[in-house]
Engineer: 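Below you will find the structure I want to go over with you.
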There are 2 protein chains.
Amino acid sequence: MYRPSIKEVAKKAGVSISTVSRVLNNSAPVSESLRKKVETAVKELGYLPSNIAKSLRKGKTKTIGFILPDITNPFFANIVRGAEDYLRRKGYALILCNSDQDKEQEIQLLETLISKHIDGLLFTGTGSFNSLLVEKIKKGLKVVFLDRIIEGINSSYVVIDNMKGMNLLLDFLVKSGHRNFVFINGNKETFSAKIRYEAFIEKMKKENLKYKHYFTNFSYEAGYKFARKMKIMPDVIVCGNDLIAYGVIDAIEEMGYKVPDDVSVTGFDDIPFSKHFKPPLTTVRQPMYKMGEKAAELLLKIIEENKFLNKGMVLEPELIIRNSTKEMVK
Amino acid sequence: MYRPSIKEVAKKAGVSISTVSRVLNNSAPVSESLRKKVETAVKELGYLPSNIAKSLRKGKTKTIGFILPDITNPFFANIVRGAEDYLRRKGYALILCNSDQDKEQEIQLLETLISKHIDGLLFTGTGSFNSLLVEKIKKGLKVVFLDRIIEGINSSYVVIDNMKGMNLLLDFLVKSGHRNFVFINGNKETFSAKIRYEAFIEKMKKENLKYKHYFTNFSYEAGYKFARKMKIMPDVIVCGNDLIAYGVIDAIEEMGYKVPDDVSVTGFDDIPFSKHFKPPLTTVRQPMYKMGEKAAELLLKIIEENKFLNKGMVLEPELIIRNSTKEMVK
DNA sequence: CTGTTAGCGCCTTCAT
DNA sequence: ATGAAGGCGCTAACAG
């Protein structure tokens with residue numbers, strides 16, 4: 001694509017390139033007459049400054065990378081939307097990368113993004129140790145972890161209080177009479193799955209309840225497949241996220257059970273569809289949009305104020321009670 | 001973030017920067033001994049080349065912009081996934097921009113992207129005329145339109161055969177005995193809404209059916225709100241997309257109607273959730289992932305072969321018959 | 001095979 | 001208030 005450069009604007013306007021730069025950036029006083037000339041030249045040529053030249057010069061690209069598992073998952077789509085909206089308002093662009101939670105892929109993507117000279121990174125990856133990432137953070141790469149924290153890395157993050165979310169849910173379930181639990185959790189390596197696992201076990205033991213726990217992964221298919229193989233139904237099936245819950249519900253209804261009459265089922269996340277699901281899902285809401293927004297805000301603060309704001313932000317989950325759970329008769 | 005440059009690699013390896021460049025890019029023969037030296041220096045410094053310098057030099061950024069209404073809509077999320085997967089394989093990155101179908105926003109985003117020197121653009125915008133875009137295309141901006149075509153612009157595009165999709169659906173509906181239609185369509189300005197409107201009207205007249213048609217917009221809320229105000233039910237409510245259909249179904253069920261017993265309802269798109277919706281949605285499938293993939297492929301072909309491949313690609317829709325429609329008793 | 005150098009487009013001193 | 005020139009990191013043409 002043909003792109004006029006500042007030089008051509010200068011020639012057309014009959015001034016030096018420094019003058020053009022000055023009116024473009026308002027970085028120094030320019031006489032009214034020259035300013036006018038420059039402005040018309042800019043307009044006539046349809047000139048748009050090259051940010052890549054600018055970036056090379058200034059060492060900043062005004063672009064942020066976002067590595068996440070899969071944009072197709074509404075949970076992430078909503079987070080991304082929150083982040084992108086904020087970044088756009090602040091003049092930053094967002095490079096989107098799907099990693100499918102694949103470690104190799106993550107490393108690959110990270111290298112690409114660094115080569116592209118991103119000013120900062122939003123990262124929702126596997127929870128496991130990533131030495132390249134650690135190395136780059138040590139060298140000053142600005143990162144905000146979203147929804148998960150990588151162990152052994154001291155960096156900023158935005159998460160919800162998973163422990164609290166789980167407890168809110170479990171307390172409600174216990175109070176409404178559920179005594180026999182199955183927890184179909186997401187990916188074992190994932191930060192949030194681990195925390196929820198711990199919260200779950202703790203509560204089960206404390207209340208002396210009957211339970212089973214399984215790691216699968218955070219998808220509809222995982223829930224469906226797992227549930228199809230279940231022989232007997234507990235009082236409630238607690239799911240690692242809403243997608244798993246959808247799969248579980250579809251499966252057990254196919255098997256002839258009614259939700260919630262025969263089994264209660266709960267989700268986690270409260271993605272937008274969950275309130276329209278039949279039955280509407282009892283779940284724990286994560287403020288997805290806000291998580292993306294806050295993470296972006298935090299990242300820009302770290303970038304622009306250039307401080308080591310190693311600040312974790314913990315947002316509040318909210319228990320959403322709908323109709324996939326019931327009051328158990330004692 | 002600290003980034004070693006090629007110069008430092010050269011110094012550390014005790015060679016010239018050209019030699020470093022040559023081994024990095026394998027662009028010319030280098031003796032084994034020097035190559036080794038360079039490779040170790042690269043590793044020790046954790047050197048990653050600066051694509052922005054490379055871009056400035058070569059005039060290519062290996063990045064593609066994607067302007068779309070809203071990533072939160074699963075229809076677009078799946079398209080984006082298809083595009084990003086393909087682009088990543090080919091070494092390109094994707095800058096994601098949500099426009100909310102806002103004309104001003106689109107222009108703003110386009111300018112940003114051009115300033116960022118994108119090699120090409122994937123565009124799913126309003127259907128209306130956008131003079132900035134036209135101007136840039138004339139100057140050689142490579143664009144592939146996705147899901148919609150802008151009138152008055154002769155450019156490449158990937159769409160589905162909306163006419164055919166609509167006819168497939170309507171034929172099925174007519175054959176199964178529906179005689180009285182309401183079409184709750186999406187945004188009036190949108191290419192696909194227009195085409196589907198035309199197909200609908202044509203069929204209604206040809207078959208001499210009773211019908212009403214309304215433009216709203218492509219969202220759950222639009223469908224819900226509209227349906228809540230309906231006084232009498234037709235045989236079938238044809239919806240502009242699946243989201244509208246969800247809203248319609250929720251609304252009319254609240255009003256005491258049964259789907260499909262009292263009214264059939266159909267969607268368009270077949271987003272992944274539609275097969276789990278209760279009742280599972282009869283709809284027209286658009287191959288979303290493939291649309292994204294093909295559009296990316298086409299765009300790269302245009303970019304890399306640098307030809308004026310003004311090629312439209314029309315993908316096939318598929319009628320998906322599920323349980324939100326019924327066989328009417330005559 | 002290897003090194004030197006111009007220049008991509010821009011901002012920013014430094015003169016004037 | 002304005003212009004000239006260096007340099008950001010890199011590639012490619014040129015010289016050796």
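Keep in mind that this is a model prediction, so the values were computed, not measured. Just so it is clear: chains get the letters A, B, ... in the order the sequence lines come, proteins before strands, and each one is counted from 1.
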Engineer: Identify all side-chain donor-acceptor contacts of residues 80-87 of chain B below 3.5 Å with residues at least two apart in sequence or on another chain.
Structural biologist:
{"unit_1": "B/Arg81", "atom_1": "NE", "unit_2": "A/Asp70", "atom_2": "OD1", "d": "2.8"}
{"unit_1": "B/Arg81", "atom_1": "NH1", "unit_2": "B/Asp85", "atom_2": "OD1", "d": "2.4"}
{"unit_1": "B/Arg81", "atom_1": "NH1", "unit_2": "B/Asp85", "atom_2": "OD2", "d": "3.1"}
{"unit_1": "B/Arg81", "atom_1": "NH2", "unit_2": "A/Asp100", "atom_2": "OD1", "d": "2.3"}
{"unit_1": "B/Arg81", "atom_1": "NH2", "unit_2": "A/Asp100", "atom_2": "OD2", "d": "2.9"}
{"unit_1": "B/Glu84", "atom_1": "OE1", "unit_2": "A/Asn98", "atom_2": "N", "d": "3.3"}
{"unit_1": "B/Glu84", "atom_1": "OE1", "unit_2": "A/Asn98", "atom_2": "ND2", "d": "2.9"}
{"unit_1": "B/Glu84", "atom_1": "OE1", "unit_2": "B/Arg88", "atom_2": "NE", "d": "3.4"}
{"unit_1": "B/Glu84", "atom_1": "OE1", "unit_2": "B/Arg88", "atom_2": "NH2", "d": "2.9"}
{"unit_1": "B/Glu84", "atom_1": "OE2", "unit_2": "B/Arg88", "atom_2": "NE", "d": "3.1"}
{"unit_1": "B/Asp85", "atom_1": "OD1", "unit_2": "B/Arg88", "atom_2": "NH2", "d": "2.8"}
{"unit_1": "B/Asp85", "atom_1": "OD2", "unit_2": "B/Tyr289", "atom_2": "OH", "d": "2.5"}

Engineer: For residues 13-21 of chain A, which side-chain N or O atoms pair as donor and acceptor with protein atoms under 3.5 Å away, sequence neighbours left out?
Structural biologist:
{"unit_1": "A/Ser16", "atom_1": "OG", "unit_2": "A/Ser18", "atom_2": "N", "d": "3.4"}
{"unit_1": "A/Ser16", "atom_1": "OG", "unit_2": "A/Ser18", "atom_2": "OG", "d": "3.4"}
{"unit_1": "A/Ser16", "atom_1": "OG", "unit_2": "A/Thr19", "atom_2": "N", "d": "3.4"}
{"unit_1": "A/Ser16", "atom_1": "OG", "unit_2": "A/Thr19", "atom_2": "OG1", "d": "3.3"}
{"unit_1": "A/Ser21", "atom_1": "OG", "unit_2": "A/Asn25", "atom_2": "ND2", "d": "3.4"}

Engineer: Check DNA chain C against residues 26-37 of chain B and give the residues with a non-hydrogen atom under 4.0 Å, in numerical order.
Structural biologist: B/Pro29, B/Val30, B/Ser31, B/Leu34
Engineer: Check this for me: does any side-chain nitrogen of one of A/Glu297 and A/Lys294 sit under 4.0 Å from a carboxylate oxygen of the other?
Structural biologist: yes
Engineer: Set out, line by line, the N/O atom pairs under 3.5 Å between protein and nucleotides 14-16 of chain D.
Structural biologist:
none

Engineer: Quick one: does A/Asn187's side chain have a donor or acceptor within less than 3.5 Å of a partner on A/Glu189's backbone?
Structural biologist: no
Engineer: Check residues 39-47 of chain A and write down every donor-acceptor pair under 3.5 Å in which the side-chain atom is one partner and the other belongs to a residue at least two apart or another chain.
Structural biologist:
{"unit_1": "A/Thr40", "atom_1": "OG1", "unit_2": "A/Lys36", "atom_2": "O", "d": "3.0"}
{"unit_1": "A/Thr40", "atom_1": "OG1", "unit_2": "A/Lys37", "atom_2": "O", "d": "2.8"}

Engineer: Starting at the 5' end of nucleotides 5-10 of chain C, put B wherever the base has a protein heavy atom under 4.0 Å, S where only the sugar-phosphate does, and a dash everywhere else.
Structural biologist: -BBBBB
Engineer: Taking all heavy atoms of B/Ala93 and all of A/Ile95, pick out the closest pair and write down the distance.
Structural biologist: CB-CG2, 3.9 Å
Engineer: Quick check on A/Gln105: does its CD atom have over 12 non-hydrogen neighbours (other residues, nucleotides or ligands) under 6.0 Å away?
Structural biologist: yes
Engineer: Checking B/Thr190 side chain against B/Ala193 main chain: does a donor-acceptor pair fall under 3.5 Å?
Structural biologist: no
Engineer: Between A/Asp119 and A/Thr61, do the side chains contain a donor N or O and an acceptor N or O under 3.5 Å apart?
Structural biologist: yes
Engineer: Salt-bridged, B/Glu135 to B/Lys139, with N to O below 4.0 Å?
Structural biologist: yes
